[in-house]
Amino acid sequence: MKSNDEYEKLNAEAFQYILDNETVIYAVLKKLHIWRDNPDYDDLFSEARMLFLKAYLQNKQRKKNFNYYFSKIYWGLLDRLAYRKIRTDHNCSPNDNETEFESSNLDLQELVEQHELLEEIRQVCNRNEWILIQKILTGKNFTEIAAEMHVSRTLIYRLRNRLRIKLIRFFREK
């Protein structure tokens with residue numbers, strides 16, 4: 001059985017290791033497409049640190065294996081994000097005060113505005129960029145899109161980057 005001093009020493013060692021190797025956390029957040037402008041960024045970063053600590057304490061040999069820590073943090077955060085989404089979806093319910101007519105009227109107005117915006121964006125895009133937008137809006141990932149378009153994922157990423165630049169210009173002008 002370990003004494004309090006041994007636990008304190010181990011915890012101090014673990015925290016120092018985490019601070020020295022936070023790039024693992026940044027890499028995981030990047031892979032999950034969680035950027036600093038995300039309102040939950042700080043919470044997720046803290047959760048990632050806790051997952052890192054847990055992985056460090058479970059790793060008996062204290063090996064400095066980037067992939068081991070990356071996968072532990074990645075899958076842990078993914079589980080927590082999925083859990084949050086389920087809870088948010090479950091807790092979301094329409095206002096009881098809002099009548100069905102008002103709700104459908106607002107939805108119709110939003111749909112018209114979205115359609116108009118998409119039409120404006122379509123005018124800016126070339127054929128392949130527009131196909132990419134449509135497939136992204138249907139919820140397909142880049143691997144599926146590349147397979148359907150019979151091109152490489154690299155080409156899809158390049159197409160996405162060109163599209164991103166065009167859309168940034170479009171929204172700045174708007």
Could you state the interatomic distance from [atom1] ([X]) to [atom2] ([Y]), rounded to the nearest 0.5 Å?
X	Y	atom1	atom2	result
Ile136	Asn141	CD1	CG	10.0 Å
Phe70	Phe52	CZ	CZ	12.0 Å
Leu29	Glu47	CG	CD	10.5 Å
Leu118	Ile133	CG	CD1	7.5 Å
Leu53	Gln58	CG	CD	10.0 Å
Leu77	Phe45	CG	CZ	10.5 Å

Handout entry: Exam field: side chain Asn126 to backbone Glu129, donor-acceptor pair closer than 3.5 Å
Key = yes
Problem - Check: Glu173 side chain, Phe170 main-chain N or O, donor-acceptor pair, under 3.5 Å - result: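 Flag not set: sc Glu173 to bb Phe170 has no pair under 3.5 Å.
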Problem - 4.5 Å side-chain heavy-atom contact, Leu81 and Ile34 - result: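 In short, these two side chains touch, coming nearer than 4.5 Å.
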Handout entry: Beyond-backbone contact of Asn128 with Met149, side-chain heavy atoms, under 4.5 angstrom
Key =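 Yes, side chains in contact.
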Exercise for the section: Run the numbers on Glu144 and Lys135 for salt bridge (Lys or Arg N to Asp or Glu O under 4.0 Å), then give the verdict. Expected result: CA-CA 9 Å; Glu144 294 169 334; Lys135 293 190 182 291; over 6 Å; no
Handout entry: ILVMFWY network linking Ile168 to Ile121, side-chain heavy atoms under 4.5 angstrom
Key =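 In one cluster: no.
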Practice task
Treating Ile, Leu, Val, Met, Phe, Trp and Tyr as nodes and any side-chain heavy-atom pair under 4.5 angstrom as an edge, say whether Phe171 and Leu137 lie in one connected cluster.
Solution key: yes
Handout entry: side chain to side chain contact (heavy atoms under 4.5 Å, CB included) between Leu51 and Lys72, intermediate numbers included
Key = CA-CA 7 Å; Leu51 290 166; Lys72 288 289 190 178; over 6 Å; no
Problem - Minimal non-hydrogen separation, Ile145 against Ile156, with atom names - result: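 What the structure gives for the nearest pair is CG2-CD1, 3.8 Å.
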Practice task
For residues Leu163 and Cys125, report the shortest heavy-atom separation together with the two atoms involved.
Solution key: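 Minimum heavy-atom contact is CD1-SG, 3.6 Å.
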Problem - Results of side chain to side chain contact (heavy atoms under 4.5 Å, CB included) for Arg160 - residues two or more places apart only - result: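 Side chain to side chain contact (heavy atoms under 4.5 Å, CB included) list for Arg160, sorted by chain: Leu132, Phe142, Tyr157, Arg164.
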Practice task
Could you label the plane-to-plane angle of the Trp35 and His33 rings as parallel, tilted or perpendicular, counting under 30° as parallel and over 60° as perpendicular?
Solution key: perpendicular
